Each structure stands twice: as C-alpha cells, then as structure tokens.
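All remarks here apply to the structure that follows.
Numbers restart at 1 for each chain; the letters A, B, ... are given by sequence-line order, proteins then strands. Atom set for the values below is all heavy atoms of this structure, side chains included, hydrogens, waters and symmetry mates excluded. Note that the structure is a prediction, hence the values are computed from the model and not measured.
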Number of protein chains: 2
Amino acid sequence: MTMSNTGGRRRPPTIHDVAREAGVSRGTVSRVLNGGHYVSPTAQEAVNAAIRKTGYVVNRHARSLITGRSDSIGFLLTEPQEKLFEDPNFNVLLRCCTQALASHDIPLLLMLAGTEDERRRITRYITAGHVDGVLVVSGHSGDLVADELREAGVPVVQCGKPMGRGSKVSYVAADDRDGARDMVRHLLSLGRRRIGVVTGPLDSPGGVDRLAGYKEVLIEAGVGIDERLIVSGDYSRASGEAGAERLLARAPDMDAVFVASDLMAQGALTALRRAGRRVPEDVSVGGFDDSTAATESTPALTTIRQPYDRISNEMVRVLLAQIGGEDPAAVILPTELVKRESA
Amino acid sequence: MTMSNTGGRRRPPTIHDVAREAGVSRGTVSRVLNGGHYVSPTAQEAVNAAIRKTGYVVNRHARSLITGRSDSIGFLLTEPQEKLFEDPNFNVLLRCCTQALASHDIPLLLMLAGTEDERRRITRYITAGHVDGVLVVSGHSGDLVADELREAGVPVVQCGKPMGRGSKVSYVAADDRDGARDMVRHLLSLGRRRIGVVTGPLDSPGGVDRLAGYKEVLIEAGVGIDERLIVSGDYSRASGEAGAERLLARAPDMDAVFVASDLMAQGALTALRRAGRRVPEDVSVGGFDDSTAATESTPALTTIRQPYDRISNEMVRVLLAQIGGEDPAAVILPTELVKRESA
DNA sequence: TTCTCTACTGTGAACGCTCACAGAAGCACC
DNA sequence: GGTGCTTCTGTGAGCGTTCACAGTAGAGAA
C-alpha cells in the first residue's frame with residue numbers, strides 16, 4: 001500500500017538571508033546568535049526581527065564544522081539487552097537526562113552497547129568526536145568503558161561510583177551507604193533484630209556500600225552480624241526471589257529483610273508470600289531505589305529514595321562543566337527514607 | 001571534590017591525510033567512502049589501508065553540510081511525562097528502533113514532547129532539518145504531530161494507525177482487530193459466553209479496532225453484544241483495575257474479560273482478586289501486547305503478542321525508504337495468541 | 001587638533017567534506 | 001588518425017557557519 005508523496009523541503013534560510021533582511025553583516029548576526037556581546041541594541045533588534053521573519057534556525061552542521069563541537073551528547077547504556085529495560089531506574093534516568101539536556105537545547109543520542117561489537121562501534125563513534133561528552137549508565141558498574149573514554153580525552157560522567165580504584169572518572173551517585181544505614185535503623189526501630197539482607201552485585205561499589213551500611217548499623221546497635229542473614233543478588237527480580245528463599249532456609253527466624261533494590265524486593269515479596277510469611281506482620285521488608293516497582297507491589301514497599309531527578313541534573317551539570325574545561329568531579333547526593341506498607 | 005584533568009583530544013585525521021597517505025586524491029578517498037564505484041581495486045585497497053593506518057573516521061558535520069542530510073533520525077515520544085515510561089511497550093520499541101538504526105550506522109536522537117513547550121521546540125528542531133526523518137510514537141494516537149511534520153515535508157513513520165481520517169502519514173501497526181478476534185475466539189473456545197471487555201481509548205484507532213474485533217466475533221458466534229459488558233480504559237494499570245470493577249458491578253455473571261492491554265489486565269487481575277474471583281477458574285482474563293507485564297503478573301497473562309521487534313524494523317525500513325524518495329507506506333503486521341495461565 | 005580608548009561592524013579565510021566537471025588512459029571501431 | 005565509449009582520477013568550488021582581524025565612529029582627554 002502506498003500513498004502519494006506531498007511536500008519536499010524548501011531550502012531553509014541561511015545566516016546570509018537574515019543579514020540581508022536585517023541590513024547588517026553575517027558577523028553581526030553570528031554575534032547576536034552567540035550571546036549578543038558587542039552588538040548595538042539597534043542591530044540586536046533588527047537581527048531578531050529578521051530571524052523571526054525568515055524563520056531562521058542555525059545550521060548546526062556548519063557551526064560544528066568550524067567550532068569542533070557537536071553540541072550533542074551521548075547517553076550510553078552498557079548492559080545486556082534483556083536486563084536493559086527491566087529496571088525502571090534506567091528509564092527514569094534516561095527521561096530525566098533527556099529533559100535536563102533539552103533545557104540546554106542539546107540533543108541526546110541514545111547508545112546501547114549490549115554486545116562487544118556494538119560497544120566497539122559506539123566507542124569509535126564517540127572518540128571520532130561526534131558527541132561532546134557522554135553520560136554513562138551501566139548496571140554492574142564494574143564496566144570500564146567510562147575510564148576508556150576518559151582516557152581517550154572524551155568528557156564523561158558516570159551514574160554511580162566507578163569500580164576501578166583510582167579511577168578519575170566523574171560520577172554522580174546517591175549516598176548508598178547512608179541510605180542503607182537509614183533503612184536498617186528504621187527496621188531496628190520497628191523492634192526487628194533478625195534482619196537479613198539481599199545485597200546488590202558485590203563487584204559494584206553500590207552493592208558493596210549498601211552492604212557496608214547494613215553491617216555498620218547492626219554493629220553499632222550491638223546486634224552483630226550473622227553471615228547466614230547475608231545473601232547476594234544482582235538487582236533483578238528473580239535474584240531477589242531466590243535470595244529471600246535462601247535466607248528463609250538458612251534463618252527461618254528472620255523478622256526483617258533489607259533488599260538492595262526494589263525490583264529484588266518485589267521478588268522477595270513473592271518468595272515470602274509463598275513461604276506463608278505475612279508482610280509486614282511477620283517480616284518487614286525494606287527496598288532501595290523508590291522505583292515504580294515500589295508502589296506497584298503489594299504491599300507497597302518502604303524504601304530508600306534515590307533522587308534520580310537530581311542525579312540526572314547533576315550528571316548533566318558536571319558533564320557540561322567538564323566540556324567547558326573544568327576538572328572532573330564527584331557528586332554524592334543524599335537519599336531519603338520513604339515509609340509505605342512493607343516496613 | 002575535583003580531580004586533575006587528563007587527555008585533551010588530538011586533531012583527528014581528515015580525508016586529506018588519508019589521501020596523502022594512500023597517494024591518491026581527496027576525490028578518490030571520498031568515492032571509496034561512499035560505495036567505491038568507479039575506483040580501481042588498487043586505489044581501493046590503498047585507501048582502505050590508509051584509513052586503517054590513520055584511524056580516520058569521517059567528519060559527519062562536514063559531510064552533512066554539503067549533502068544536506070544529517071544522517072541521524074529522531075525518535076519522538078509525545079506523551080505526558082508520567083505515563084511515558086510506565087508502559088513497557090515504549091521501552092521495547094525504543095530499544096528495538098535504536099538497534100535497527102544502529103545496524104545502518106545511524107544515530108537515534110531521543111525527543112520527548114511532554115508539554116506544549118517542548119513540542120514546539122522539538123518541531124522547530126526537526127523542521128530545521130536537524131534530522132532526516134522521525135519515528136513517532138504516541139500513546140493515544142489522536143495526536144496530529146506526525147501529520148504536521150509530514151505537512152512540513154519531513155519523512156515520518158508513526159507506530160500505530162494515525163487518527164486523522166485521510167491522513168497520509170506512513171505507519172506500521174499490528175493487526176489490532178485480528179488480534180482481538182483471536183483472543184475472543186480463544187475465550188469462546190474455553191466455553192465462556194459472558195465475555196466482558198475493557199477497551200483502550202476510543203479516540204485512537206487501536207482502541208477502536210480491538211473493540212471492533214471483539215464485537216465481530218461475538219456476533220459471528222451468535223452470542224451477541226451486551227453493552228453492560230463493555231467499559232473503556234486508557235491502557236493504564238489503574239484504568240484496568242477500575243474497568244474490571246465496573247464490569248463486575250454491572251455484570252456479576254461475567255465469566256471472562258478481554259482487556260485491551262497487559263498493563264490494564266494487571267489492574268484487572270487486582271480487581272478480580274479483591275472481588276474474590278479466581279483467575280482462570282472463575283473468570284478467564286485475556287490481555288493484549290505481550291509486554292513484560294504479561295509474564296510478571298500472577299497468574300501470567302494469556303495475551304496477544306504484538307511483534308515489536310518486527311514493528312521497529314519495519315518502521316525503520318519504511319522511514320529510510322521514504323528518506324530515499326519513496327512514497328509513504330502503511331504496514332500491518334500479524335499478531336499471535338500466546339497462551340499462559342490466565343485464560 | 002590629535003591621540004587613545006571603547007563600542008561596534010564588516011570581511012576573508014577556514015572548517016572537512018562532496019559534487020560536478022574536466023581530463024587521461026585504454027580499447028574498439030570505422 | 002580520428003571518434004566514441006568506458007573506466008578511472010584529480011581539481012576547484014561551495015555548503016553555512018565562526019573566528020580573527022581590520023576598520024569605523026564617537027567620546028573623552030591632552
């Protein structure tokens with residue numbers, strides 16, 4: 001099935017057309033376009049009027065050709081395909097970053113590096129200078145792609161602490177350890193003492209820090225650590241379910257569990273229900289992230305909110321600063337305990 | 001906290017460097033780069049060797065400046081912010097389209113038009129020629145943005161049938177009506193006769209077609225239409241829950257329900273459970289989409305699979321063809337009944 | 001007057017590529 | 001030897017910007 005073709009684009013107006021219309025030179029129009037310094041109010045106004053009249057929009061290719069900047073940035077997701085979009089956090093991050101960039105009038109290029117092949121192609125694309133900088137998000141941040149890009153001179157900001165010790169990659173992260181502490185303190189305040197934990201992947205700083213926070217508080221409180229109450233997962237729903245099952249098997253007297261992601265907590269709820277435990281009556285469950293999964297589960301999850309909107313904004317801010325020549329920076333943002341039904 | 005800055009990009013090699021290295025002219029290098037017609041095997045080889053040696057990557061800006069193409073395409077999502085990423089279908093579509101484009105070495109620009117302001121800005125950006133074409137996805141496809149873009153001469157492909165009657169926008173869609181027919185036939189084959197429906201938004205062709213399929217089969221089968229068994233939703237989980245509640249109130253003898261999206265079906269399951277109905281023993285539930293929601297619910301949803309991978313591939317194919325000068329086209333892809341636990 | 005300074009404006013060159021064109025080389029045919 | 005054809009190659013122009021530089025006008029000071 002086909003339809004007749006309409007339209008066909010007209011040649012768009014150039015800076016030349018605007019200059020002629022405004023009765024000034026190209027240079028003046030260019031100056032107005034780029035901040036308007038050293039332009040008389042009269043010229044300024046004439047140019048703006050001409051721009052409105054002609055419907056002029058700058059040709060970014062011509063500009064980029066000479067400035068060397070592309071005025072676009074990449075959003076790089078390194079994650080095997082399946083997990084990629086299961087986690088609602090990626091989506092929120094992507095959405096927030098797109099918006100944050102849009103407010104600077106910078107387009108976002110989405111780059112998915114699931115396979116080694118894709119990864120090579122994308123790295124090549126990036127290092128060729130087709131983007132001015134890259135926002136990197138990877139699930140298990142053991143990934144070194146951010147370091148590699150930085151090594152190649154590309155401005156980079158990663159979401160979450162980088163794994164490489166001594167890595168000089170900029171990053172923005174929530175305060176994982178502090179969040180974990182808050183949650184475990186909350187569970188203690190409910191009178192719980194046999195508190196289990198399903199950790200995140202322990203080859204990632206986020207996973208390690210959340211576990212550290214858990215241990216810290218229990219030791220401080222004089223409850224002590226019981227290794228039977230510690231199992232690890234990989235942030236996926238399935239691993240949360242399996243983790244809770246193992247915990248129940250190893251420590252049937254568990255009266256609370258801190259699960260290091262909401263998605264895993266969803267899985268844990270399933271396992272607990274199947275085992276006949278009521279939440280929160282028999283077992284309190286605390287999640288982490290405050291993703292959409294937290295409100296969708298029954299009971300709704302008490303969790304630690306990661307401020308994804310702020311994280312995104314900071315990532316963009318830090319990246320743009322770096323593109324502007326500033327040094328890499330690390331930003332850690334506070335989390336917040338959100339009480340719902342599960343604990 | 002700051003860290004010392006490393007690196008700083010070197011000026012990348014140009015076509016000139018490659019030409020010198022290979023002992024040929026710019027023109028010859030350019031020809032090799034663009035398909036290699038009218039180039040001797042000797043020169044071909046020399047150029048390729050030089051490209052490898054210098055690490056040359058084409059400067060897309062310089063190319064675009066002269067060709068007028070940007071060699072990038074936009075992925076436009078017109079949807080209010082909240083709903084945007086609740087629906088897993090958007091994610092799958094985005095992922096598949098990104099990959100389909102990546103295989104053509106075309107970057108995807110993500111554009112979110114939640115507010116009227118964003119929409120204006122993005123339209124301006126697109127019509128300025130910063131992308132060669134646009135893939136449009138909108139939840140309730142009453143949206144006319146695709147038509148507007150097409151009117152402005154921009155190649156466009158929409159996901160799902162466009163609303164505007166007489167619209168000449170290219171689109172790729174699953175066969176909604178046929179999918180609905182399959183599902184209702186399946187419910188009939190289970191011996192169900194009091195089959196309710198929670199429709200999609202009836203200001204969108206998808207919603208209308210699925211309802212039409214439902215009615216068609218019931219009439220064909222001689223069961224007839226009972227208006228009390230028809231309520232409408234908006235594809236959201238909440239509306240599915242509310243819809244199922246209304247159906248139960250109006251037709252307590254309902255023994256099956258066709259819910260026009262998996263997300264709504266999830267909501268319906270919640271409502272049915274609360275009402276004390278067992279699924280599938282008391283009430284069979286059929287969804288639509290085969291999104292991740294279908295396998296995550298308990299019981300897992302019997303549903304109609306929309307072939308999102310094929311839809312994405314077709315969208316990209318049709319769009320590229322259109323950019324290449326071909327006429328707009330409409331593609332309708334078959335759906336498939338996926339039996340799980342709920343019906 | 002003349003000089004200096006500031007505020008502004010115009011101009012040519014350049015960014016790295018593609019495209020159209022001209023031309024060379026080889027071959028076949030008259 | 002001329003003509004035509006095909007296959008290949010090099011060259012100059014130009015895409016729409018920005019940037020550096022030169023230059024003008026007006027104000028204020030000497």
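Side-chain nitrogen and oxygen atoms of A/S30 include none within less than 4.0 Å of the OP1 or OP2 phosphate oxygen of D/dT17. For B/Y56, a side-chain nitrogen or oxygen approaches OP1 or OP2 of C/dC17 to under 4.0 Å. Distances shorter than 4.0 Å separate some side-chain N or O of A/S25 from OP1 or OP2 on C/dG10. Contact annotation: B/S64 side-chain N/O to C/dC17 OP1/OP2 distance is not under 4.0 Å. OP1 or OP2 of D/dT9 sits under 4.0 Å from a side-chain N or O of B/S40. Phosphate proximity of D/dG10 to B/T28: present, with a side-chain N or O under 4.0 Å from OP1 or OP2. Here A/N59 does not reach the OP1 or OP2 of D/dC15: none of its side-chain N or O atoms lies under 4.0 Å away.
Note: CZ (A/R20) to P (C/dT9) measures 19 Å, nearest angstrom. In this structure, the CZ atom of B/R69 is 17 Å from the P atom of D/dC15, given to the nearest Å. Atom C1' of nucleotide D/dT7 and atom CZ of B/R31 are separated by 11 Å, given to the nearest angstrom. Between the NE2 atom of B/H130 and the P atom of D/dG16 there is a distance of 13 Å, rounded to whole Å. Atom CZ in B/R63 sits roughly 13 Å away from atom C1' in C/dC19 (whole-Å rounding). Taking atom OH on B/Y38 and atom P on C/dC21, their separation rounds to 15 Å, with Å as the unit. One atom, CD1 of B/I66, and another, P of C/dC17, lie 11 Å apart when rounded to the nearest Å. Rounded to whole Å, the distance from CG on B/L65 to P on C/dC19 is 12 Å.
For B/V39, the side-chain atoms get nearest to D/dT9 when compared with the rest of D/dC19, C/dG16, D/dT9.
Nearer to the 5' terminus of DNA chain C, by closest-nucleotide assignment, is the contact made by B/H61 (compared with the other of B/G27 and B/H61). Mapped onto DNA chain D by nearest heavy atom, B/A62 and A/L33 fall at different nucleotides, with B/A62 at the one closer to the 5' end.
A salt bridge is defined here as a Lys NZ or Arg NE, NH1 or NH2 lying under 4.0 Å from an Asp or Glu carboxylate O, and B/E148 with B/R119 meets this definition. A salt bridge links B/D17 to B/R20: one of the charged nitrogens lies within less than 4.0 Å of a carboxylate oxygen.
Defined by atom type and a distance below 3.5 Å, a donor-acceptor pair is present between the side-chain atoms of B/S170 and B/Q322.
Interface remark: the A/R26 side chain does form a donor-acceptor pair with the D/dT18 base, using a distance-only criterion of under 3.5 Å.
Aromatic ring orientation, B/H61 versus A/H130: perpendicular (interplanar angle above 60°, classes split at 30° and 60°).
Heavy atoms of B/R60 sit nowhere under 4.0 angstrom from any nucleic acid atom.
At least one donor-acceptor pair closer than 3.5 Å links the side chain of B/S64 to the backbone N or O of B/R69.
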